[in-house]
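This report concerns only the one structure given below.
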Amino acid sequence: TGSASEDNRESIEALVQREIDYYDEANSYSKTLDIFETDKLIISLNKHDYSDTKITFLGDSITYGIGSQETVNDKPKSYVYYVEEMLGCQTENLSVAGCSLGAYGGDTSIANYVQYIPDDTDIIVVMGGINDFLGYNSYYIDDNAEDGTYKGEVINVMEAIRNRFPDKPVYFITLYQ
């Protein structure tokens, strides 16, 4: 038999494969719950200590938690809360309802909030794309990477973060494949 860490790795790999297989299924509430439970199992097998890790989230109303029926510290409970709870890390949620990855001539870009990321953050997570798609669809479908297009604005957000935090890991989440 393998070591505990090898057994964990094999278990995690099997769970990740299970999760990949879920994406072949039709979308449903049940599928969402199954993925969530699988994520929790994967995290429970991970032995990394995140207690000294600060994760900063930038995003729109989804990351902020608009629509949540529950609150934590007088703010809507979003997925950021669950990340903190499951990993045991510290989180900073700088999300604002209505934000988009692009500015499109306004001040709604997530890039405007990079200046508020705490200097002591360890990981940065950016979630966006919904408001870009819903509100600025003509920009979203343009395949150019120039300022004012979706691709160009995503590059602007990435550059703003990289310029300020060149050595920090940055994760982007979008809801569209």
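On a predicted model such as this, the values are computed, not experimentally measured, just so you know. Just so you know, residue 1 is the first one in the sequence shown, and it goes up from there.
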Derivation and outcome, side-chain contact (heavy atoms from CB on, under 4.5 Å), residues Leu87 and Thr53: CA-CA 9 Å; Leu87 296 182; Thr53 303; over 6 Å; no
Check against side-chain contact (heavy atoms from CB on, under 4.5 Å), Met158 and Val154: CA-CA 6 Å; Met158 286 191 252; Val154 169; 3.3 Å; yes
Derivation and outcome, side-chain contact (heavy atoms from CB on, under 4.5 Å), residues Phe57 and Leu94: CA-CA 6 Å; Phe57 292 82; Leu94 301 178; over 6 Å; no
Evaluation steps, side-chain contact (heavy atoms from CB on, under 4.5 Å), between Ile35 and Tyr23: CA-CA 9 Å; Ile35 291 171; Tyr23 288 97; 3.9 Å; yes
Residue pair Lys40, Glu37: steps toward the salt bridge (charged side-chain N to carboxylate O under 4.0 Å, His left out) verdict: CA-CA 5 Å; Lys40 288 190 331 187; Glu37 291 303 318; 3.3 Å; yes
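With rounding to the nearest 0.5 Å, the separation of NZ in Lys168 from CD1 in Ile117 is 10.5 Å. How far CD1 of Ile161 is from CD1 of Ile110: 8.0 Å, rounded to the nearest 0.5 Å. Here the OH atom belonging to Tyr29 is positioned 8.5 Å from the OG1 atom belonging to Thr32, to the nearest 0.5 angstrom. Interatomic distance, Ile42 CD1 to Met86 CE, rounded to the nearest 0.5 Å: 10.5 Å. Summarising the geometry, atom SG belonging to Cys99 is positioned 7.5 Å from atom CG belonging to Asn112; distances are rounded to the nearest 0.5 Å.
Between the side chains of Ser78 and Tyr64, no donor-acceptor pair is found at a separation under 3.5 Å. Under 3.5 Å, the side chains of Glu92 and Thr56 contain no donor-acceptor pair of N or O atoms.
Salt bridge status for Asp122 with Lys54: absent, with no side-chain N to carboxylate O gap under 4.0 Å. A salt bridge does not link Arg162 with Asp167: none of the charged nitrogens is closer than 4.0 Å to a carboxylate oxygen.
Results of the side chain to side chain contact (heavy atoms under 4.5 Å, CB included) test with Ile55 over Ile123, Val80, Thr121 single out Ile123 as the only residue that passes.
Two different hydrophobic clusters hold Leu41 and Leu33 under the rule that ILVMFWY side chains link at heavy-atom gaps under 4.5 Å. Residues Leu45 and Tyr82 do not share a hydrophobic cluster, clusters being chains of Ile/Leu/Val/Met/Phe/Trp/Tyr side chains in contact below 4.5 Å.
Judged by distance alone, the side chain of Thr71 and the main-chain N or O of Asp74 form no donor-acceptor pair under 3.5 Å. Checking side-chain atoms of Asn93 against main-chain N and O of Thr63 turns up a donor-acceptor pair under 3.5 Å. In this structure a side-chain-to-backbone donor-acceptor pair under 3.5 Å is missing from Arg18 to Glu13.
Contact check for Ile66 versus Ile62: no side-chain heavy atoms found under the 4.5 Å cut-off. Residues Glu25 and Tyr22 have side chains in contact (heavy-atom distance under 4.5 Å, counting atoms from C-beta outward). Contact check for Pro169 versus Ile124: no side-chain heavy atoms found under the 4.5 Å cut-off. Between Val126 and Tyr171 the shortest side-chain heavy-atom distance does not fall below 4.5 Å. Glu70 places none of its side-chain heavy atoms less than 4.5 Å from the side chain of Tyr81. Residues Val170 and Phe165 form no side-chain contact, since every pair of their non-hydrogen atoms from C-beta on lies 4.5 Å or further apart. Looking at heavy atoms from C-beta onward, Leu58 lies out of side-chain contact with Val125 at the 4.5 angstrom threshold. Annotation: side chain of Ile173 is in contact with side chain of Tyr79 (closest heavy-atom distance under 4.5 Å).
Here the closest heavy-atom approach between residue Gly65 and residue Pro76 is recorded as O-CB, 3.0 Å. Nearest approach of Arg164 to Asp119, heavy atoms of both residues: NH2-OD1, 2.6 Å. Across all non-hydrogen atoms, the minimal contact from Cys89 to Val83 is SG-O, 4.1 Å.
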